[in-house]
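The structure appears below as structure tokens.
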Amino acid sequence: MDFDAIHMIWVRDITRHFRDKVRLLGSISRPVMWLLIMGTGLRATFSIPGVSYSHFIFPGIIAMNLIFAAMISTISIIWDREFGFLREILVAPIPRSSIVIGKALSGSTVAFIEGLFVLAFAPFIKINLSVAALFLLLPLMFLVAFVCTSLGIVIAARMTSFEGFGVISNFIIMPMFFLSGAVFPIDNLPHWVNYVIRMNPLTYGVDLLRWASLGINTFPLYINFLFLLSFASVMLMIGIFEFTKRD
Amino acid sequence: MGKRENNVRMDSIMNKAISVSKLSKCFNGISAVDGISFEVEEAELFGFLGPNGAGKTTTINILCGLMNPTSGEARVNGFDVMSSPTEVRKSIGIIFQDPSLDERLTAHENLNFHGMIYHLPPKIRKARIDEVLNMVGLYSKKHNIVRTFSGGMKRRLEIARGLMHRPKVLFLDEPTIGLDPQTRQYIWDYILTLSEMEKITVFLTTHYMDEAEICQRVAIMDHGKIVDIDMPDTLKNKYRVSSLNEVFLHVTGREIREGESHGKERLGVFLRARHKMR
């Protein structure tokens, strides 16, 4: 493990992220649209016992900002390959695993911060989060961000164009988001959908976030953690393999 | 006795800055590098010439561990590029043909990050950044974003970066391409002083024959093979011509190559080839 390399990649990605002011706009407009427009608009059609619809989707919207920001952050890998900076990193005397871990941590950090923007909307839809709930929610948000970033790294490492990444990530982000229980409850769904939902890591992430913020969960907590951690480990291993192989 | 001879041979390989033996690289069955062998002495200024698409950049990519050869062996500073890539990378510096700076960062940030991944302690890092920035005349611009720099300034910054960790072997892949004569002169004075003072081995590819004339030895590569290798003057005598340019045209012919001269294009070809192989 090369901490200098992880540190460098992390600081560089964070520096770059905060220099790009337009990206901040997207991370604020997404939750506004979903929470305030969809949340109030669909309230009448959805009835979930014991919880209002805008409360129900709140953890889902956090997960949405996490997965969007995490996937977008990994575009930097394609960007760096296209503009040559990746070569500067690849010829440096650092292990490939540290490059991947550095990328995973910087992507998770950026996504985590974008997740915080959604948290700031909690008072507007009258969700009262206790300090204890907040302390549970924050590390869980980072975990979900980390899982999404590790998936993004595997996709970006195999991609050679921005356009390709856009198509693939839309094919992945949207279904993952809609089939995760983020915007509707996942019980009482047709059998095949159920199957897809159970393969989706975001399902377990949303379940954990909903447990921490509203006290509702569909799966046992240990199942959630087990699935997320094993998924992230497998993705990291594939990512390291992709970076290690030389032609 | 055989073993002893073998040891002597190993010693001489270990003392070379670069030693390449029967090195080949194929992309989809087409040989980009075709069984080349050569050696570069320590502190030598070595020119590596050839038309576009001759296999120069592929050779450099193998020597700095970015690509695995299909067959053959290559050692840099005594380390095998296949089995100890990290050791090789520690001891080399590279100025790539295509830009490799992060243009959204400042000059200082680019250098500082470079120092971090080459494991320079903070104090030394700070001193080296000031030192190399002064040497390439960019000290006053150190907090400017690289995107605002001219082509020559970017090149100087890349050279400063490549030298920051005091490499033993410096690879320069067409370092002065697209630069005005003043900047070229400046960069060359700097590289020559440095190679003399610090005993750095310089491995240079270029299309400018006046730059190749400065080299102690040049190798001319074409279609993946080394067609000739010697001192510039010896080559001129051998082909009975007065300039290295004529030597070059003599051994590689006059027809224009369908080489991918544009950097992005070449990268695209490389990436597509890589993609197909999967």
Side-chain angles (χ1 to χ4, degrees), chain A residues 1-23 75-99 101-103 106 156-165 238 241-247, chain B residues 25-27 58 60-70 81-82 84-94 96-106 109-110 112-121 125 145 158 161-162 165 171 263-264 267-268 270-275 277-278:
Chain A
M1 201 51 39
D2 186 330
F3 291 104
D4 283 344
I6 296 174
H7 185 203
M8 174 264 172
I9 289 170
W10 190 86
V11 176
R12 174 199 171 235
D13 284 356
I14 302 295
T15 311
R16 276 186 67 124
H17 180 79
F18 284 103
R19 254 173 222 169
D20 197 354
K21 302 281 186 285
V22 185
R23 275 165 77 166
I75 292 185
S76 71
I77 295 173
I78 305 174
W79 179 281
D80 285 347
R81 188 183 294 134
E82 192 83 0
F83 292 93
F85 191 73
L86 193 65
R87 288 161 71 91
E88 150 80 356
I89 293 174
L90 290 178
V91 293
I94 52 176
R96 282 13 188 176
S97 52
S98 303
I99 301 176
I101 289 167
K103 281 282 171 199
S106 69
R158 301 186 64 96
M159 277 290 143
T160 49
S161 70
F162 295 108
E163 297 83 359
F165 186 86
I238 300 175
F241 170 77
E242 289 286 335
F243 270 85
T244 310
K245 71 175 176 215
R246 290 183 276 166
D247 299 282
Chain B
K25 176 70 187 176
C26 295
F27 294 109
T58 307
I60 290 187
N61 280 341
I62 294 171
L63 289 178
C64 62
L66 281 177
M67 247 183 225
N68 277 341
T70 313
V81 293
M82 296 273 273
S84 31
T86 308
E87 300 301 319
V88 170
R89 291 191 186 112
K90 260 184 213 166
S91 60
I92 60 172
I94 307 168
F96 293 109
Q97 188 172 349
D98 307 312
S100 65
L101 294 165
D102 188 336
E103 302 211 347
R104 305 284 180 105
L105 300 179
T106 65
E109 283 165 339
N110 266 289
N112 191 38
F113 288 149
H114 182 86
M116 279 168 90
I117 48 177
Y118 282 81
H119 306 104
L120 302 178
R125 207 154 71 208
I145 299 280
E158 282 189 295
R161 188 181 66 177
H165 57 282
F171 290 95
K264 269 259 175 69
L267 187 69
F270 167 67
L271 292 174
R272 275 194 294 278
R274 191 181 136 148
H275 212 69
M277 281 189 347
R278 296 214 168 118

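In what follows, chains are A, B, ... by sequence order, proteins preceding strands, each numbered from 1.
- Using modelled atom types, one side-chain atom of B:Thr106 and one backbone atom of B:Glu109 make a donor-acceptor pair closer than 3.5 Å.
- To the nearest 0.5 Å, atoms CD (A:Glu82) and CG (B:Asp98) are separated by 11.0 Å.
- With a 4.5 Å cut-off on non-hydrogen atoms, A:Arg19 touches chain B through its side chain but not through its backbone.
- For a residue to count as touching a neighbouring chain, one of its non-hydrogen atoms must lie under 4.5 Å from one of that chain's; by this rule B:His114 touches chain A with backbone and side chain alike.
- Here the straight-line distance linking atom NZ of B:Lys25 with atom CD1 of B:Ile62 works out to 6.0 Å at 0.5 Å rounding.
- Rounding to the nearest 0.5 Å places CZ of A:Arg81 at 10.0 Å from CE of A:Met159.
- Interface remark: of the candidates B:His119, B:Glu87, B:Glu158, B:His119 forms the most heavy-atom pairs closer than 4.5 Å to chain A.
- Only the backbone of B:Leu101 comes within less than 4.5 Å of a heavy atom in chain A; its side chain stays farther off.
- Distance CZ/B:Phe171 to CD/B:Gln97: 14.5 Å, rounded to 0.5 Å.
- Interface remark: B:Ile92 contributes no atoms to any contact with chain A (heavy atom separation under 4.5 Å).
- For the pair B:Arg125 and A:Asp4, the salt-bridge criterion is not met [side-chain N within less than 4.0 Å of a carboxylate O].
- In this structure, the portion of B:Phe96 lying under 4.5 Å from any heavy atom of chain A is its side chain and not its backbone.
- If you check the side chains of B:Arg161 and B:Ser100, you find a donor sitting under 3.5 Å from an acceptor.
- Within the 4.5 angstrom heavy-atom criterion, no atom of B:Asn112 approaches chain A.
- Residue with the most contacts toward chain A among B:Leu105, B:Asp102, B:Ile145, B:Thr86: B:Asp102 (heavy-atom pairs, distance under 4.5 Å).
- Of the atoms belonging to A:Asp2, it is side-chain heavy atoms, and not backbone ones, that fall under 4.5 Å from chain B.
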